[in-house]
Visitor: 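Take a look at the following structure, please.
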Amino acid sequence: MSVYALVDCDHFYVSCQRLFDPALEKRPVVVLSNNDGCVISRSPEAKKLGIPMGAPYFKYRRLCEQNKVVVFSSNYELYGDLSQRVMTSLRQFCPDIEVYSIDEAFLRLDGFSHLDLTDYCTKIAGKIKMWTGIPVSIGIGPSKTLAKAATHLAKKNYQEKVFDLRNPSVQDSVLAQIDVNDVWGIGHRLTQKLTRLGITTAQQLRDSPTNQIRQKFGVMVERTLLELNGIACFSLETDQPKKTIISSRSFGHPVNQLTELEEAISHFAAIACAKLRKQQSKTHSIYVFLQTNLFSLRETPYSNGIMHGFAEPCAHTDAVIQAAKKILKQIFIPGLGYKKAGVMLMNIIPAARRQHDLFIDPCSQDKKNHLMQVIDTINDRMGRDSIFMAAEGVHRSWRMQANLKTASFTTHWHDILTIDI
DNA sequence: TCTGGGGTCCTAGGACCC
DNA sequence: TCTGGGGTCCTAGGACCC
């Protein structure tokens, strides 16, 4: 029988901020998304004030001010670095690990059954806190979905950081308490449909007839049902290369000049290509999109995008920028104020699997590969954007707002925290 | 004034093939 | 009267996740 554990960092971004300012402990704290748009991380104290996850910040600004909530812009450089520390630490306790998101990882503990797993996971949580300063909760179960549910329960119970959901009688008593929309893989649409059938708890979904669920909701929900029954359908996925890579941003203010958009799009293309090369892949196609403010009631919303296929799989920033700018000219309508744009790389393949174009000189490609390697090396060592394409522009006036951002304490020499004694 | 930025998988339907 | 059967590939859209 398989055993999975899900390690989930507690309100991760808030914890990252607290790490560098202990005065924030026990105080309500929230972290905002890019462009200071939405609330994406909340301390338990902030949750208690009734600030929902994903809420637009401008709607809750008053409430935050009245209750002295400490508000931060997000600092992904900091969070990414601390996430890596957590994941590296976890590998010392279990080699089979799937990094599921910036703040979550699945562990496969099949070979650890001789241990008391609650003890072992409590030890893991303690060490992670000691080594990285980040608090984590851990759920244990015979399938990923049950491990997820177990973490959900661990988070509800502030005393215990670990919840073991392997015992069927324990499953019976707790699954009835879990709403069906809190089950991993059941979103609000499926919740609505399931509710109409009278299925409102995890237990009711688990005990529904399998073939009926499959017929009505497809294989994904069927698998979720089996997973709730302790039958593992989702396996551990380790180190998979990305199949699509997106780089996009909302702008700090509406942008209406083509030249400015060209720079932004070029910059997004460069970021995406660097990610592409980092995972040693090439892309077959690129998609460029553009949006005005889709929430605005005054203007009619405009959103458009076009895909372009490359004759030969490609990972060269300059070629991708060229293609992106061509597309941009096709979808750009003068006179509109654009709020967001982005570049997607799709149909990604391993770089090693290459088929040459009969009409492209392979030597010229080698030269370009080398150039890209040099650029990546410089930026890795000296920091992002140390060297970049002229097309990306230098002013970047479209940049997003991040008025409440703290320093990158762990990744920039000049941001290292100093303490006065 | 003000609503993020990534990702994954599945399904249905159309084009096309023999 | 009666209009096959089986397949592949691609795309758009929908659902989900953090």
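Computed from a predicted structure; not experimentally measured. The basis for the numbers below is simple: all heavy atoms, side chains too, and nothing from hydrogens, waters or symmetry mates. Proteins come first, then strands; the chains are lettered A, B, ... in the order of their sequence lines, and each starts at number 1.
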Visitor: Base, sugar-phosphate or nothing for A:K339? Non-hydrogen atoms, less than 4.0 Å.
Guide: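 Here A:K339 touches the backbone only, sparing every base.
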Visitor: Given atom CE of A:M220 and atom C1' of B:dC10, what is their separation to the nearest angstrom?
Guide: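 After rounding, the reported distance stands at 7 Å.
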Visitor: Using a heavy-atom cut-off of under 4.0 Å over every strand shown, decide if A:I245 touches base, sugar-phosphate, or nothing.
Guide: sugar-phosphate
Visitor: Over how many whole Å does the gap from A:N35 atom CG to B:dT3 atom P extend?
Guide: 7 Å
Visitor: Which part of the nucleic acid, if any, lies within contact of A:D36, taking any heavy atom under 4.0 Å across all strands shown: a base, the sugar-phosphate backbone alone, or nothing?
Guide: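 Touches nothing.
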Visitor: Quote, to the nearest angstrom, the C1' distance that separates C:dG4 from B:dC17.
Guide: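 Straight-line distance between the two C1' atoms is 14 Å.
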Visitor: Do the side-chain N or O atoms of A:T244 get closer than 4.0 angstrom to the phosphate oxygens (OP1, OP2) of B:dT8?
Guide: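 Yes, within the criterion.
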Visitor: Taking atom P of B:dG4 as reference, at what distance in whole Å does atom NZ of A:K340 sit?
Guide: 7 Å
Visitor: Do A:D8 and A:S137 have side-chain atoms, one donor and one acceptor, less than 3.5 Å apart?
Guide: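 Distance-only check fails for A:D8 and A:S137.
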Visitor: Do A:Y76 and A:Y13 have their ring centres less than 6.0 Å from each other?
Guide: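 Yes, the ring of A:Y76 comes within the 6.0 Å limit of the ring of A:Y13, centre to centre.
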Visitor: Could you please name the option among C:dC18, C:dA15, B:dG4 that lies closest to any side-chain atom of A:Y76?
Guide: B:dG4
Visitor: May I have the distance from A:D103 (atom CG) to B:dG5 (atom P), rounded to whole angstrom?
Guide: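 After rounding, the gap between these two atoms is 18 Å.
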Visitor: How long is the line joining CG of A:L32 and P of B:dT3, in whole Å?
Guide: 12 Å
Visitor: Students often get this wrong, so: under 4.0 angstrom with heavy atoms, is A:V31 touching a base, only sugar-phosphate, or nothing?
Guide: nothing
Visitor: Among A:T411, A:T410, A:N75, find the one that has a side-chain hydrogen bond (donor to acceptor under 3.5 Å, both in side chains) with A:D81.
Guide: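 Result for side-chain hydrogen bond (donor to acceptor under 3.5 Å, both in side chains) with A:D81: A:T410.
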Visitor: Using a cut-off of 4.0 Å on non-hydrogen atoms, how would the nucleic acid contact of A:I102 be classed: base, sugar-phosphate, or nothing?
Guide: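 A:I102: no heavy atom of the nucleic acid under 4.0 Å.
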Visitor: Specify the separation, in whole Å, of atom NE2 of A:H152 and atom P of C:dC18.
Guide: 11 Å
